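One structure is given below, encoded as C-alpha coordinates.
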Amino acid sequence: MNREIISLNLSNIAFKFENRLMIRKLLHTARLQVVLFALLLSGFTYGNTASHDTITSPSVPAHEQTEKKAFDAGKMIIDHIVDAHEWHILTYNDFHLSIPLPVILLDNGKLVSFSSGHFHHGHEAYRGYRLMMEGEYEGKIVKTLEDGETIDASAKLPLDFSITKNVLSLFISVLLLCIIFISIGNKYNKNPNTAPKGLQSLLEPLIIFVRDDIAIPGLGKKNYARFMPFLLTVFWFIFLNNLLGLVPIFPGGANLTGNIAITMVLALFTFAITTFNGNKSYWKHIVNAPGVPWWLKIPIPLMPIVEIVGVITKPFVLMVRLFANMTAGHIILLGFMSLIFIFGNMNIVAGYGVSIFSIAFGVFMSLLELLVAFIQAYVFALLSSIYFGMAMEEHEHTEEHTTEH
Amino acid sequence: MQLVTPGIGLIFWMLVSFSLVLYVLGKYAWKPIMKGIHQREDSIEKALEAANDAKKEMLQLKAGNEQLLRDAKDERDALMRDARKVKEAILDEARVKANEEAGRIMENARENIQYEKMAAINDLKNQIASISIEIAEKLIGKELENKKQQHELTEKLLKDVKIN
(Lines give C-alpha, C1' and ligand atoms only; values in the text may rest on other atoms or scores of the structure.)
Protein backbone atom coordinates (compact mmCIF):
# COMPACT_ATOMS: atom_id res chain seq x y z
CA MET A 1 0.00 0.00 0.00
CA ASN A 2 2.67 2.38 1.02
CA ARG A 3 4.82 1.73 -1.95
CA GLU A 4 2.02 2.72 -4.26
CA ILE A 5 1.41 5.94 -2.41
CA ILE A 6 5.09 6.72 -2.47
CA SER A 7 5.31 6.00 -6.16
CA LEU A 8 2.29 8.19 -6.80
CA ASN A 9 3.87 10.80 -4.67
CA LEU A 10 7.11 10.53 -6.62
CA SER A 11 5.19 10.79 -9.85
CA ASN A 12 3.99 14.15 -8.61
CA ILE A 13 7.56 15.37 -8.50
CA ALA A 14 7.88 14.83 -12.19
CA PHE A 15 5.24 17.41 -12.96
CA LYS A 16 6.35 20.83 -13.97
CA PHE A 17 3.07 22.61 -13.92
CA GLU A 18 3.49 24.62 -17.05
CA ASN A 19 0.08 24.69 -18.54
CA ARG A 20 -3.51 24.09 -17.74
CA LEU A 21 -3.53 20.67 -19.35
CA MET A 22 -0.89 19.47 -16.94
CA ILE A 23 -2.82 20.79 -13.97
CA ARG A 24 -5.94 18.96 -15.07
CA LYS A 25 -3.86 15.83 -15.44
CA LEU A 26 -2.42 16.33 -11.98
CA LEU A 27 -5.80 16.84 -10.44
CA HIS A 28 -6.84 13.63 -12.08
CA THR A 29 -3.94 11.70 -10.57
CA ALA A 30 -4.59 13.32 -7.24
CA ARG A 31 -8.19 12.11 -7.36
CA LEU A 32 -6.92 8.68 -8.23
CA GLN A 33 -4.61 8.89 -5.27
CA VAL A 34 -7.53 9.64 -2.95
CA VAL A 35 -9.50 6.68 -4.20
CA LEU A 36 -6.49 4.39 -3.99
CA PHE A 37 -5.67 5.56 -0.52
CA ALA A 38 -9.19 5.11 0.68
CA LEU A 39 -9.22 1.57 -0.72
CA LEU A 40 -5.89 0.72 0.81
CA LEU A 41 -6.73 2.31 4.10
CA SER A 42 -9.85 0.21 4.44
CA GLY A 43 -7.66 -2.81 3.74
CA PHE A 44 -5.26 -1.76 6.43
CA THR A 45 -7.86 -1.26 9.12
CA TYR A 46 -9.47 -4.51 8.12
CA GLY A 47 -6.15 -6.28 8.55
CA ASN A 48 -5.67 -4.60 11.86
CA THR A 49 -9.00 -5.66 13.31
CA ALA A 50 -8.48 -9.14 11.91
CA SER A 51 -5.23 -9.54 13.81
CA HIS A 52 -6.95 -8.14 16.86
CA ASP A 53 -9.57 -10.85 16.60
CA THR A 54 -6.96 -13.58 16.55
CA ILE A 55 -5.51 -12.33 19.81
CA THR A 56 -8.76 -12.53 21.72
CA SER A 57 -9.95 -15.65 20.01
CA PRO A 58 -10.13 -18.49 22.55
CA SER A 59 -8.87 -21.08 20.06
CA VAL A 60 -5.36 -19.64 20.21
CA PRO A 61 -3.11 -21.36 22.79
CA ALA A 62 -2.41 -19.35 25.94
CA HIS A 63 1.35 -18.82 25.53
CA GLU A 64 0.97 -17.62 21.97
CA GLN A 65 -1.73 -15.25 23.15
CA THR A 66 0.62 -13.54 25.63
CA GLU A 67 3.42 -13.41 23.08
CA LYS A 68 1.11 -11.83 20.54
CA LYS A 69 -0.03 -9.32 23.11
CA ALA A 70 3.60 -8.43 23.76
CA PHE A 71 3.92 -6.94 20.33
CA ASP A 72 1.19 -5.97 17.89
CA ALA A 73 2.71 -4.14 14.93
CA GLY A 74 -0.55 -2.70 13.61
CA LYS A 75 -1.56 -1.26 16.94
CA MET A 76 1.93 0.07 17.61
CA ILE A 77 2.04 1.83 14.25
CA ILE A 78 -1.41 3.35 14.60
CA ASP A 79 -0.62 4.46 18.16
CA HIS A 80 2.44 6.25 16.84
CA ILE A 81 0.78 8.11 14.02
CA VAL A 82 -2.45 9.23 15.66
CA ASP A 83 -2.88 11.94 18.24
CA ALA A 84 -2.55 11.19 21.97
CA HIS A 85 -3.34 12.85 25.28
CA GLU A 86 0.16 12.21 26.58
CA TRP A 87 3.55 12.42 24.92
CA HIS A 88 4.88 8.91 25.14
CA ILE A 89 8.66 8.65 25.10
CA LEU A 90 9.49 5.07 26.04
CA THR A 91 8.16 1.94 27.70
CA TYR A 92 10.44 -0.56 29.41
CA ASN A 93 8.60 -3.57 30.74
CA ASP A 94 6.09 -1.95 33.11
CA PHE A 95 7.80 1.42 33.23
CA HIS A 96 6.21 4.13 31.09
CA LEU A 97 8.04 7.37 30.46
CA SER A 98 5.66 9.92 29.07
CA ILE A 99 4.80 13.58 29.44
CA PRO A 100 1.22 14.06 30.69
CA LEU A 101 -0.55 16.85 28.82
CA PRO A 102 -3.46 19.01 29.95
CA VAL A 103 -6.97 17.86 29.14
CA ILE A 104 -9.46 20.60 28.32
CA LEU A 105 -13.06 19.52 27.84
CA LEU A 106 -16.12 21.50 26.92
CA ASP A 107 -18.92 19.50 28.43
CA ASN A 108 -22.38 20.99 27.91
CA GLY A 109 -20.94 24.50 27.92
CA LYS A 110 -18.87 23.77 31.04
CA LEU A 111 -15.10 24.01 30.81
CA VAL A 112 -13.29 21.16 32.56
CA SER A 113 -9.54 20.92 32.73
CA PHE A 114 -7.07 18.59 34.43
CA SER A 115 -3.86 16.70 33.70
CA SER A 116 -4.08 13.65 31.49
CA GLY A 117 -1.83 11.89 34.03
CA HIS A 118 -4.96 11.20 36.07
CA PHE A 119 -6.15 8.76 33.42
CA HIS A 120 -3.10 6.52 33.98
CA HIS A 121 -2.91 5.69 30.27
CA GLY A 122 -6.61 4.96 30.13
CA HIS A 123 -6.65 2.55 33.06
CA GLU A 124 -8.55 4.87 35.40
CA ALA A 125 -11.43 7.29 35.22
CA TYR A 126 -11.18 10.78 36.63
CA ARG A 127 -13.95 13.23 37.53
CA GLY A 128 -16.45 11.21 35.55
CA TYR A 129 -14.35 11.03 32.40
CA ARG A 130 -12.46 8.17 30.94
CA LEU A 131 -9.92 7.89 28.12
CA MET A 132 -10.86 4.97 25.88
CA MET A 133 -7.94 2.91 24.62
CA GLU A 134 -9.87 0.61 22.28
CA GLY A 135 -13.22 0.02 20.69
CA GLU A 136 -15.53 2.47 19.01
CA TYR A 137 -14.30 5.49 20.96
CA GLU A 138 -10.60 4.65 20.76
CA GLY A 139 -8.47 7.66 21.72
CA LYS A 140 -11.50 9.68 22.78
CA ILE A 141 -12.53 10.92 26.21
CA VAL A 142 -15.98 9.71 27.21
CA LYS A 143 -18.26 10.34 30.17
CA THR A 144 -18.76 7.57 32.68
CA LEU A 145 -21.63 6.79 35.01
CA GLU A 146 -21.47 7.33 38.77
CA ASP A 147 -19.45 4.16 39.35
CA GLY A 148 -16.63 5.65 37.26
CA GLU A 149 -16.29 2.54 35.13
CA THR A 150 -19.11 2.00 32.64
CA ILE A 151 -19.54 4.34 29.75
CA ASP A 152 -22.51 6.68 29.90
CA ALA A 153 -24.02 5.74 26.57
CA SER A 154 -26.79 8.32 26.82
CA ALA A 155 -24.48 11.31 27.34
CA LYS A 156 -23.05 13.29 24.45
CA LEU A 157 -19.30 13.08 23.94
CA PRO A 158 -17.65 16.11 25.55
CA LEU A 159 -15.90 18.42 23.07
CA ASP A 160 -12.19 17.74 23.44
CA PHE A 161 -10.02 20.86 23.25
CA SER A 162 -7.12 19.17 25.07
CA ILE A 163 -3.54 20.17 24.51
CA THR A 164 -2.74 16.84 22.92
CA LYS A 165 0.57 15.65 21.55
CA ASN A 166 -0.17 17.21 18.17
CA VAL A 167 -1.40 20.46 19.68
CA LEU A 168 1.77 20.78 21.75
CA SER A 169 3.85 19.93 18.71
CA LEU A 170 1.87 22.56 16.79
CA PHE A 171 2.65 25.16 19.45
CA ILE A 172 6.33 24.23 19.44
CA SER A 173 6.54 24.48 15.67
CA VAL A 174 4.65 27.78 15.58
CA LEU A 175 6.99 29.14 18.23
CA LEU A 176 10.00 27.91 16.28
CA LEU A 177 8.68 29.49 13.09
CA CYS A 178 8.14 32.81 14.83
CA ILE A 179 11.56 32.78 16.49
CA ILE A 180 13.43 31.78 13.34
CA PHE A 181 11.74 34.08 10.88
CA ILE A 182 11.29 37.13 13.08
CA SER A 183 14.99 36.99 13.95
CA ILE A 184 15.79 36.76 10.25
CA GLY A 185 13.38 39.59 9.47
CA ASN A 186 15.17 41.74 12.02
CA LYS A 187 18.46 41.04 10.30
CA TYR A 188 17.04 42.41 7.06
CA ASN A 189 15.84 45.46 8.93
CA LYS A 190 19.13 45.99 10.71
CA ASN A 191 21.60 45.56 7.88
CA PRO A 192 19.87 46.17 4.59
CA ASN A 193 21.74 45.58 1.35
CA THR A 194 24.33 43.27 2.87
CA ALA A 195 25.05 39.65 2.05
CA PRO A 196 23.00 37.21 4.19
CA LYS A 197 24.81 35.64 7.12
CA GLY A 198 24.33 32.46 9.16
CA LEU A 199 20.76 31.15 9.37
CA GLN A 200 19.67 33.94 7.06
CA SER A 201 21.88 32.64 4.27
CA LEU A 202 20.60 29.09 4.83
CA LEU A 203 16.93 30.03 4.56
CA GLU A 204 17.05 32.84 2.06
CA PRO A 205 17.53 30.60 -1.00
CA LEU A 206 14.38 28.70 -0.03
CA ILE A 207 12.45 31.92 0.51
CA ILE A 208 13.56 33.05 -2.93
CA PHE A 209 12.66 29.59 -4.24
CA VAL A 210 9.10 30.03 -2.90
CA ARG A 211 8.91 33.39 -4.64
CA ASP A 212 10.50 32.46 -7.97
CA ASP A 213 9.38 28.86 -8.42
CA ILE A 214 6.07 28.77 -6.55
CA ALA A 215 4.45 32.18 -6.41
CA ILE A 216 5.51 33.78 -9.67
CA PRO A 217 4.78 30.78 -11.98
CA GLY A 218 1.34 30.30 -10.41
CA LEU A 219 0.26 33.87 -9.95
CA GLY A 220 2.28 35.94 -12.37
CA LYS A 221 4.54 38.86 -11.62
CA LYS A 222 1.64 41.26 -11.21
CA ASN A 223 -0.27 39.52 -8.42
CA TYR A 224 2.22 37.38 -6.58
CA ALA A 225 3.35 39.82 -3.87
CA ARG A 226 -0.05 39.82 -2.13
CA PHE A 227 0.03 36.03 -1.60
CA MET A 228 3.64 35.71 -0.56
CA PRO A 229 2.93 35.80 3.22
CA PHE A 230 0.45 32.93 2.97
CA LEU A 231 2.57 30.84 0.59
CA LEU A 232 5.70 31.33 2.66
CA THR A 233 3.90 30.53 5.90
CA VAL A 234 2.28 27.43 4.45
CA PHE A 235 5.52 26.23 2.88
CA TRP A 236 7.59 26.68 6.01
CA PHE A 237 4.88 25.39 8.32
CA ILE A 238 4.58 22.16 6.34
CA PHE A 239 8.30 21.81 5.75
CA LEU A 240 9.26 22.39 9.38
CA ASN A 241 6.57 20.05 10.70
CA ASN A 242 7.47 17.37 8.16
CA LEU A 243 11.06 17.54 9.38
CA LEU A 244 10.05 17.62 13.04
CA GLY A 245 7.92 14.55 12.38
CA LEU A 246 11.04 12.70 11.31
CA VAL A 247 12.81 13.36 14.61
CA PRO A 248 12.01 10.28 16.66
CA ILE A 249 11.95 11.78 20.16
CA PHE A 250 10.49 14.81 21.92
CA PRO A 251 10.06 17.58 20.75
CA GLY A 252 9.78 15.92 17.36
CA GLY A 253 7.99 12.75 16.45
CA ALA A 254 4.43 14.01 16.43
CA ASN A 255 2.87 13.14 13.10
CA LEU A 256 1.45 16.65 12.76
CA THR A 257 1.35 17.07 8.98
CA GLY A 258 0.14 13.47 8.78
CA ASN A 259 -2.93 14.46 10.76
CA ILE A 260 -6.06 15.06 8.74
CA ALA A 261 -7.26 17.91 10.96
CA ILE A 262 -4.10 19.90 10.33
CA THR A 263 -4.11 19.34 6.59
CA MET A 264 -7.82 20.12 6.55
CA VAL A 265 -7.29 23.53 8.12
CA LEU A 266 -4.41 24.27 5.73
CA ALA A 267 -6.56 23.28 2.76
CA LEU A 268 -9.43 25.39 4.15
CA PHE A 269 -7.16 28.42 4.19
CA THR A 270 -6.28 27.79 0.55
CA PHE A 271 -9.95 27.29 -0.28
CA ALA A 272 -10.99 30.47 1.52
CA ILE A 273 -8.31 32.58 -0.15
CA THR A 274 -9.18 31.12 -3.56
CA THR A 275 -12.87 31.85 -3.05
CA PHE A 276 -12.37 35.40 -1.79
CA ASN A 277 -10.04 36.23 -4.65
CA GLY A 278 -12.15 34.71 -7.40
CA ASN A 279 -12.88 37.31 -10.04
CA LYS A 280 -15.94 37.71 -12.23
CA SER A 281 -14.75 35.34 -14.91
CA TYR A 282 -13.91 32.67 -12.30
CA TRP A 283 -17.47 32.71 -10.98
CA LYS A 284 -18.88 32.91 -14.47
CA HIS A 285 -17.00 29.77 -15.41
CA ILE A 286 -18.51 28.00 -12.43
CA VAL A 287 -22.12 29.17 -12.68
CA ASN A 288 -22.46 29.63 -16.41
CA ALA A 289 -19.43 28.27 -18.21
CA PRO A 290 -19.13 29.97 -21.60
CA GLY A 291 -18.96 27.77 -24.66
CA VAL A 292 -20.87 24.89 -23.08
CA PRO A 293 -24.12 23.78 -24.82
CA TRP A 294 -27.24 25.14 -23.04
CA TRP A 295 -28.73 21.70 -22.45
CA LEU A 296 -25.88 20.94 -20.07
CA LYS A 297 -27.01 23.83 -17.89
CA ILE A 298 -30.82 23.82 -18.20
CA PRO A 299 -32.98 22.13 -16.93
CA ILE A 300 -30.43 20.04 -15.01
CA PRO A 301 -27.44 22.24 -14.11
CA LEU A 302 -24.97 19.49 -14.94
CA MET A 303 -21.96 21.67 -15.71
CA PRO A 304 -22.37 23.97 -12.69
CA ILE A 305 -22.53 20.90 -10.47
CA VAL A 306 -19.38 19.49 -12.03
CA GLU A 307 -17.63 22.83 -11.63
CA ILE A 308 -18.66 23.16 -7.99
CA VAL A 309 -17.47 19.63 -7.31
CA GLY A 310 -14.19 20.65 -8.94
CA VAL A 311 -13.91 23.67 -6.67
CA ILE A 312 -14.34 21.49 -3.61
CA THR A 313 -12.10 18.72 -4.90
CA LYS A 314 -9.08 21.02 -5.16
CA PRO A 315 -8.65 21.71 -1.44
CA PHE A 316 -9.81 18.19 -0.63
CA VAL A 317 -6.99 16.81 -2.74
CA LEU A 318 -4.53 19.13 -1.04
CA MET A 319 -5.73 17.88 2.33
CA VAL A 320 -5.53 14.21 1.48
CA ARG A 321 -2.25 14.35 -0.41
CA LEU A 322 -0.27 15.85 2.45
CA PHE A 323 -1.96 13.66 5.04
CA ALA A 324 -1.51 10.46 3.05
CA ASN A 325 2.08 11.11 2.07
CA MET A 326 3.27 11.92 5.54
CA THR A 327 1.28 9.16 7.21
CA ALA A 328 2.47 6.63 4.65
CA GLY A 329 6.08 7.54 5.27
CA HIS A 330 5.67 7.10 9.00
CA ILE A 331 3.87 3.79 8.52
CA ILE A 332 6.64 2.41 6.32
CA LEU A 333 9.35 3.42 8.75
CA LEU A 334 7.47 1.96 11.70
CA GLY A 335 6.72 -1.11 9.64
CA PHE A 336 10.41 -1.76 9.07
CA MET A 337 11.09 -1.34 12.78
CA SER A 338 8.17 -3.65 13.63
CA LEU A 339 9.69 -6.38 11.48
CA ILE A 340 12.56 -6.63 13.95
CA PHE A 341 10.20 -7.37 16.83
CA ILE A 342 7.90 -9.62 14.84
CA PHE A 343 10.88 -11.80 13.88
CA GLY A 344 12.40 -11.37 17.33
CA ASN A 345 9.23 -12.81 18.87
CA MET A 346 9.61 -15.88 16.65
CA ASN A 347 13.28 -16.36 17.21
CA ILE A 348 15.80 -14.07 18.86
CA VAL A 349 18.45 -14.73 16.18
CA ALA A 350 15.98 -13.96 13.41
CA GLY A 351 15.22 -10.70 15.18
CA TYR A 352 18.84 -9.62 15.19
CA GLY A 353 19.29 -10.82 11.61
CA VAL A 354 16.32 -8.87 10.35
CA SER A 355 17.39 -5.80 12.29
CA ILE A 356 20.29 -5.27 9.88
CA PHE A 357 17.96 -5.08 6.92
CA SER A 358 15.32 -3.16 8.82
CA ILE A 359 17.78 -0.50 9.87
CA ALA A 360 19.25 -0.25 6.39
CA PHE A 361 15.78 0.20 4.91
CA GLY A 362 14.85 2.52 7.75
CA VAL A 363 17.79 4.77 6.97
CA PHE A 364 16.89 4.68 3.30
CA MET A 365 13.28 5.56 4.10
CA SER A 366 14.34 8.38 6.38
CA LEU A 367 16.41 9.86 3.58
CA LEU A 368 13.51 9.45 1.20
CA GLU A 369 11.26 11.10 3.76
CA LEU A 370 13.59 14.09 3.87
CA LEU A 371 12.98 14.46 0.17
CA VAL A 372 9.24 13.91 0.60
CA ALA A 373 9.15 16.47 3.42
CA PHE A 374 10.41 19.10 1.03
CA ILE A 375 8.38 17.97 -1.96
CA GLN A 376 5.11 17.95 -0.05
CA ALA A 377 5.69 21.46 1.24
CA TYR A 378 6.58 22.49 -2.31
CA VAL A 379 3.57 20.82 -3.90
CA PHE A 380 1.12 22.22 -1.35
CA ALA A 381 2.39 25.75 -1.78
CA LEU A 382 2.66 25.41 -5.55
CA LEU A 383 -0.88 24.07 -5.97
CA SER A 384 -2.21 26.77 -3.67
CA SER A 385 -0.52 29.39 -5.79
CA ILE A 386 -1.88 27.80 -8.97
CA TYR A 387 -5.41 27.75 -7.54
CA PHE A 388 -5.12 31.42 -6.60
CA GLY A 389 -3.79 32.15 -10.04
CA MET A 390 -6.70 30.28 -11.66
CA ALA A 391 -9.23 32.20 -9.58
CA MET A 392 -7.73 35.53 -10.62
CA GLU A 393 -7.04 34.69 -14.23
CA GLU A 394 -8.60 36.86 -16.90
CA HIS A 395 -10.06 34.52 -19.49
CA GLU A 396 -9.14 35.68 -22.94
CA HIS A 397 -10.11 32.50 -24.74
CA THR A 398 -13.88 32.89 -24.21
CA GLU A 399 -14.41 33.68 -27.86
CA GLU A 400 -12.52 30.59 -28.85
CA HIS A 401 -15.06 28.46 -26.97
CA THR A 402 -18.06 30.04 -28.64
CA THR A 403 -16.66 29.69 -32.12
CA GLU A 404 -15.85 26.07 -31.49
CA HIS A 405 -19.45 25.12 -30.78
CA MET B 1 -10.96 5.31 11.81
CA GLN B 2 -9.33 7.68 14.27
CA LEU B 3 -6.73 8.25 11.56
CA VAL B 4 -9.09 9.85 9.06
CA THR B 5 -11.47 11.61 11.45
CA PRO B 6 -10.36 15.16 12.11
CA GLY B 7 -10.62 15.99 15.80
CA ILE B 8 -12.46 19.17 16.75
CA GLY B 9 -9.79 20.16 19.28
CA LEU B 10 -6.92 19.96 16.84
CA ILE B 11 -8.93 21.84 14.21
CA PHE B 12 -9.64 24.59 16.72
CA TRP B 13 -6.04 24.91 17.91
CA MET B 14 -4.72 24.71 14.36
CA LEU B 15 -7.11 27.45 13.19
CA VAL B 16 -6.07 29.68 16.08
CA SER B 17 -2.31 28.97 15.82
CA PHE B 18 -2.13 29.13 12.06
CA SER B 19 -4.07 32.38 11.85
CA LEU B 20 -1.82 33.80 14.52
CA VAL B 21 1.38 32.62 12.90
CA LEU B 22 0.16 33.87 9.53
CA TYR B 23 -0.54 37.30 11.00
CA VAL B 24 2.62 37.52 13.11
CA LEU B 25 4.99 36.24 10.43
CA GLY B 26 3.23 38.30 7.77
CA LYS B 27 3.76 41.43 9.79
CA TYR B 28 7.11 40.85 11.48
CA ALA B 29 8.92 38.40 9.24
CA TRP B 30 7.79 38.14 5.64
CA LYS B 31 7.31 41.86 5.16
CA PRO B 32 10.86 42.86 6.15
CA ILE B 33 12.33 39.75 4.51
CA MET B 34 10.63 40.29 1.17
CA LYS B 35 11.37 44.00 1.33
CA GLY B 36 15.00 43.30 2.22
CA ILE B 37 15.45 40.75 -0.54
CA HIS B 38 13.78 43.03 -3.05
CA GLN B 39 15.89 45.99 -2.01
CA ARG B 40 19.07 43.99 -2.16
CA GLU B 41 18.22 42.59 -5.56
CA ASP B 42 17.52 46.10 -6.77
CA SER B 43 20.79 47.39 -5.40
CA ILE B 44 22.69 44.45 -6.90
CA GLU B 45 21.03 45.03 -10.24
CA LYS B 46 21.90 48.70 -10.08
CA ALA B 47 25.46 47.92 -9.07
CA LEU B 48 25.76 45.48 -11.95
CA GLU B 49 24.39 48.05 -14.34
CA ALA B 50 26.79 50.63 -13.01
CA ALA B 51 29.66 48.18 -13.37
CA ASN B 52 28.58 47.47 -16.93
CA ASP B 53 28.42 51.16 -17.70
CA ALA B 54 31.83 51.67 -16.13
CA LYS B 55 33.18 48.84 -18.24
CA LYS B 56 31.73 50.38 -21.38
CA GLU B 57 33.17 53.73 -20.39
CA MET B 58 36.52 52.13 -19.76
CA LEU B 59 36.42 50.53 -23.18
CA GLN B 60 35.54 53.85 -24.73
CA LEU B 61 38.31 55.52 -22.77
CA LYS B 62 40.74 52.87 -23.86
CA ALA B 63 39.69 53.28 -27.47
CA GLY B 64 40.10 57.04 -27.07
CA ASN B 65 43.52 56.59 -25.56
CA GLU B 66 44.55 54.37 -28.39
CA GLN B 67 43.26 56.90 -30.87
CA LEU B 68 45.22 59.58 -29.05
CA LEU B 69 48.34 57.47 -29.11
CA ARG B 70 47.91 56.75 -32.79
CA ASP B 71 47.38 60.44 -33.48
CA ALA B 72 50.46 61.33 -31.48
CA LYS B 73 52.49 58.77 -33.37
CA ASP B 74 51.21 60.08 -36.68
CA GLU B 75 52.02 63.60 -35.63
CA ARG B 76 55.47 62.58 -34.53
CA ASP B 77 56.03 60.82 -37.83
CA ALA B 78 54.79 63.87 -39.72
CA LEU B 79 57.07 66.07 -37.66
CA MET B 80 59.99 63.81 -38.32
CA ARG B 81 59.19 63.78 -42.00
CA ASP B 82 58.95 67.55 -42.06
CA ALA B 83 62.18 67.90 -40.12
CA ARG B 84 63.90 65.61 -42.54
CA LYS B 85 62.55 67.62 -45.46
CA VAL B 86 63.64 70.86 -43.83
CA LYS B 87 67.06 69.39 -43.16
CA GLU B 88 67.39 68.27 -46.71
CA ALA B 89 66.19 71.62 -47.96
CA ILE B 90 68.67 73.42 -45.73
CA LEU B 91 71.43 71.14 -46.84
CA ASP B 92 70.51 71.64 -50.49
CA GLU B 93 70.33 75.35 -50.03
CA ALA B 94 73.65 75.35 -48.24
CA ARG B 95 75.16 73.30 -50.96
CA VAL B 96 73.78 75.58 -53.64
CA LYS B 97 74.98 78.60 -51.75
CA ALA B 98 78.40 77.07 -51.18
CA ASN B 99 78.59 76.25 -54.86
CA GLU B 100 77.58 79.73 -55.75
CA GLU B 101 80.08 81.20 -53.33
CA ALA B 102 82.76 78.92 -54.61
CA GLY B 103 81.85 79.92 -58.13
CA ARG B 104 82.00 83.54 -57.22
CA ILE B 105 85.32 83.16 -55.47
CA MET B 106 86.67 81.28 -58.45
CA GLU B 107 85.33 83.95 -60.76
CA ASN B 108 86.94 86.64 -58.65
CA ALA B 109 90.14 84.69 -58.56
CA ARG B 110 90.00 84.22 -62.29
CA GLU B 111 89.28 87.88 -62.78
CA ASN B 112 92.10 88.79 -60.47
CA ILE B 113 94.38 86.42 -62.25
CA GLN B 114 93.30 87.87 -65.58
CA TYR B 115 93.80 91.33 -64.23
CA GLU B 116 97.17 90.49 -62.76
CA LYS B 117 98.07 88.72 -65.97
CA MET B 118 97.04 91.75 -68.00
CA ALA B 119 99.00 93.97 -65.63
CA ALA B 120 102.00 91.67 -65.88
CA ILE B 121 101.68 91.57 -69.68
CA ASN B 122 101.39 95.31 -69.75
CA ASP B 123 104.33 95.60 -67.45
CA LEU B 124 106.25 93.16 -69.58
CA LYS B 125 105.26 95.02 -72.72
CA ASN B 126 106.42 98.26 -71.15
CA GLN B 127 109.64 96.67 -70.02
CA ILE B 128 110.15 95.02 -73.39
CA ALA B 129 109.52 98.34 -75.02
CA SER B 130 111.93 100.12 -72.77
CA ILE B 131 114.46 97.32 -73.07
CA SER B 132 113.96 97.30 -76.80
CA ILE B 133 114.50 100.99 -76.88
CA GLU B 134 117.56 100.58 -74.67
CA ILE B 135 118.79 97.80 -76.89
CA ALA B 136 118.02 99.78 -79.88
CA GLU B 137 119.82 102.76 -78.42
CA LYS B 138 122.80 100.67 -77.55
CA LEU B 139 122.69 98.89 -80.91
CA ILE B 140 122.57 102.04 -82.78
CA GLY B 141 125.42 103.37 -80.64
CA LYS B 142 127.68 100.37 -81.09
CA GLU B 143 126.85 99.55 -84.76
CA LEU B 144 128.85 102.35 -85.74
CA GLU B 145 131.95 101.14 -83.93
CA ASN B 146 132.32 97.48 -84.78
CA LYS B 147 130.41 94.77 -86.48
CA LYS B 148 131.82 92.19 -84.33
CA GLN B 149 131.31 94.15 -81.26
CA GLN B 150 127.83 94.71 -82.43
CA HIS B 151 127.13 91.06 -82.45
CA GLU B 152 128.64 90.52 -79.13
CA LEU B 153 126.64 93.28 -77.67
CA THR B 154 123.41 91.94 -79.09
CA GLU B 155 124.27 88.57 -77.68
CA LYS B 156 124.95 90.04 -74.35
CA LEU B 157 121.79 92.06 -74.36
CA LEU B 158 119.77 89.05 -75.31
CA LYS B 159 121.23 87.24 -72.37
CA ASP B 160 119.99 90.07 -70.21
CA VAL B 161 116.60 89.76 -71.74
CA LYS B 162 116.47 86.04 -70.95
CA ILE B 163 116.98 86.82 -67.31
CA ASN B 164 113.72 88.58 -67.27
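Residue numbers start from 1 in every chain, and the chains themselves are labelled A, B, ... in the order their sequence lines are given, proteins ahead of strands. Just so you know, these numbers come straight off a predicted model, no measurement behind them.
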Measuring heavy-atom distances to chain B, does [X] have an atom under 4.5 Å in its side chain, in its backbone, in both, or in neither?
{"X": "A/Ile207", "value": "side chain"}
{"X": "A/Phe237", "value": "side chain"}
{"X": "A/Ile180", "value": "neither"}
{"X": "A/Thr194", "value": "backbone"}
{"X": "A/Asp83", "value": "both"}
{"X": "A/Asp160", "value": "backbone"}
{"X": "A/Leu177", "value": "both"}

Looking at [X] and [Y], does any basic side-chain N land under 4.0 Å from a carboxylate oxygen?
{"X": "B/Asp77", "Y": "B/Arg81", "answer": "no"}
{"X": "B/Arg110", "Y": "B/Glu107", "answer": "yes"}
{"X": "B/Arg104", "Y": "B/Glu101", "answer": "yes"}

TODO: Answer yes if the side chains of A/Thr257 and A/Asn242 hold a donor-acceptor pair under 3.5 Å, and no otherwise.
DONE: yes

Open item on the list: Within the supplied structure, the quantity of interest is the number of heavy atoms (other residues, nucleotides, ligands) at a distance under 6.0 Å from A/Phe114 CZ; does it exceed 12?
Closed with: yes

With chain B as the partner, which of [options] has the greatest number of non-hydrogen pairs under 4.5 Å?
{"options": "A/Pro196, A/Ala225, A/Ser183, A/Cys178", "answer": "A/Pro196"}
{"options": "A/Val167, A/Val174, A/Leu175, A/Asn191", "answer": "A/Val167"}
{"options": "A/Leu266, A/Leu268, A/Ile104", "answer": "A/Leu266"}

Task: Mutual orientation of the aromatic rings belonging to B/Phe18 and A/Phe230 [parallel < 30°, tilted 30-60°, perpendicular > 60°] - done: perpendicular

Please set out all donor-acceptor pairs under 3.5 angstrom arising from side-chain atoms of residues 7-15 of chain B, sequence neighbours excluded.
| residue | atom | partner | partner atom | Å |
| --- | --- | --- | --- | --- |
| B/Trp13 | NE1 | A/Phe161 | O | 2.8 |

